[in-house]
Amino acid sequence: MIQERSEHNLHAELAASPIDVTARLDDLRLRAPGHGAVVSFQGSVRSVTRQGEPLDHLVLDYHPRMTLVSLQRIARAGLERFDVSAVSVVHRCGAMTPGEVIVFVGVTSDHRKEAFLAAEYLMDRLKSEAIFWKRELGPFGERWIEPTERDVIDLERWNEKDAGT
Amino acid sequence: MQIEFHGRIGTPFGGAAHVDIAMDGLAVSGLRALLASQYGVDAIFHRSVRAAVNDEIVTEDHIVQAGDTVAFMSPVSGG
């Protein structure tokens with residue numbers, strides 16, 4: 001862990017070492033005892049690039065102060081927008097190899113629907129708004145990555161009037 | 001004054017830069033011009049490269065003072 005901000009029902013963390021998903025789930029459960037639903041998502045580094053080339057490393061550069069603030073802001077937005085009891089967002093930084101967990105999102109709530117919605121909302125915002133700069137390294141050399149059109153569309157749908165209902 | 005760079009814009013600067021500014025400060029637009037002339041990097045003028053002063057995104061007319069933490073950032077990739 002490099003940095004974290006934690007309150008009783010909200011956890012945001014920037015991690016420089018592999019994410020222990022089991023430990024993060026245990027921590028999440030303790031933050032909201034009595035919940036009826038736990039929904040979690042973990043994203044992993046793919047083994048090939050969008051262009052189909054083999055990937056050696058994915059590198060996430062971060063801002064020494066603003067990145068954690070962005071993770072915390074997104075986590076808080078999920079907590080406030082949905083009827084959920086706790087939210088945990090943990091994001092890796094630095095160099096990763098294919099298969100490593102890059103992000104963990106966990107949500108607890110009384111009922112599953114709100115937890116699923118909140119987890120999807122958190123991931124859509126993280127994919128576009130979290131303050132990271134990504135580079136792919138492989139036989140092709142080094143390449144910077146920017147959000148895709150799909151990422152933008154996924155994010156914009158939450159601005160619609162009936163989003164999440 | 002040390003300037004931070006984040007993302008693709010950091011490459012032509014080698015990751016960081018140093019400039020001297022006047023005691024009464026310098027607008028962000030002027031700081032871009034100074035960096036471009038001192039380092040020969042016109043990419044600093046690209047509109048997608050945002051400036052942050054003391055960890056807040058600022059506009060081109062914001063006056064940078066000695067002692068501020070200044071960063072120029074390429075568009076974020078997201079997580």
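Owing to the predicted nature of the structure, the values given are computational and were not obtained by experimental measurement. Every chain is numbered from 1 and lettered A, B, ... according to where its sequence line falls, protein lines coming before strand lines.
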> Is it true that A:V48 and A:M96 fall in one hydrophobic cluster, defined by side-chain heavy atoms closer than 4.5 Å?
Replying inline: no
> Between B:H6 and A:H63, how do the two ring planes meet: parallel, tilted or perpendicular, split at 30° and 60°?
Replying inline: tilted
>> For B:S74, which atoms come within 4.5 Å of any heavy atom of chain A: side chain, backbone, both, or neither?
In response: both
> Which heavy-atom pair separates A:A130 from B:G79 by the least distance, and what is that distance?
Replying inline: CB-N, 3.9 Å
> A:I19, A:V107: one ILVMFWY side-chain cluster at the under-4.5 Å cut-off?
Replying inline: no
> For B:R50, does the CZ atom have more than 12 heavy-atom neighbours from other residues, nucleotides or ligands under 6.0 Å away?
Replying inline: no
> Tell me, side chain or backbone of A:I131 under 4.5 Å from chain B's heavy atoms, or both, or neither?
Replying inline: both
> Considering residues, nucleotides and ligands other than A:Y62, do more than 12 of their heavy atoms fall under 6.0 Å from its OH?
Replying inline: no
>> Would you say that more than 12 heavy atoms from the other residues, nucleotides or ligands in this model lie under 6.0 Å from the CZ of A:R65, or not?
In response: yes
> Using a heavy-atom distance cut-off of less than 4.5 Å, which residues of residues 52-64 of chain B contact chain A?
Replying inline: B:A52, B:D55, B:I57
> Of the non-hydrogen atoms in A:I145 and B:S77, which two are nearest, and what is the gap between them?
Replying inline: O-OG, 2.6 Å
>> Looking at every non-hydrogen atom in both residues, tell me the closest pair between A:W133 and B:V76 and how far apart they are.
In response: NE1-CA, 3.7 Å
>> Would a single hydrophobic cluster contain both B:V41 and B:L34, if residues Ile, Leu, Val, Met, Phe, Trp and Tyr are joined by side-chain heavy-atom contacts under 4.5 Å?
In response: yes
> Are A:L10 and A:L117 grouped together when hydrophobic residues (ILVMFWY) are joined by side-chain heavy atoms under 4.5 angstrom apart?
Replying inline: yes
> Going hydrophobic residue to hydrophobic residue with side-chain gaps under 4.5 angstrom, can you get from A:V38 over to A:L122?
Replying inline: no
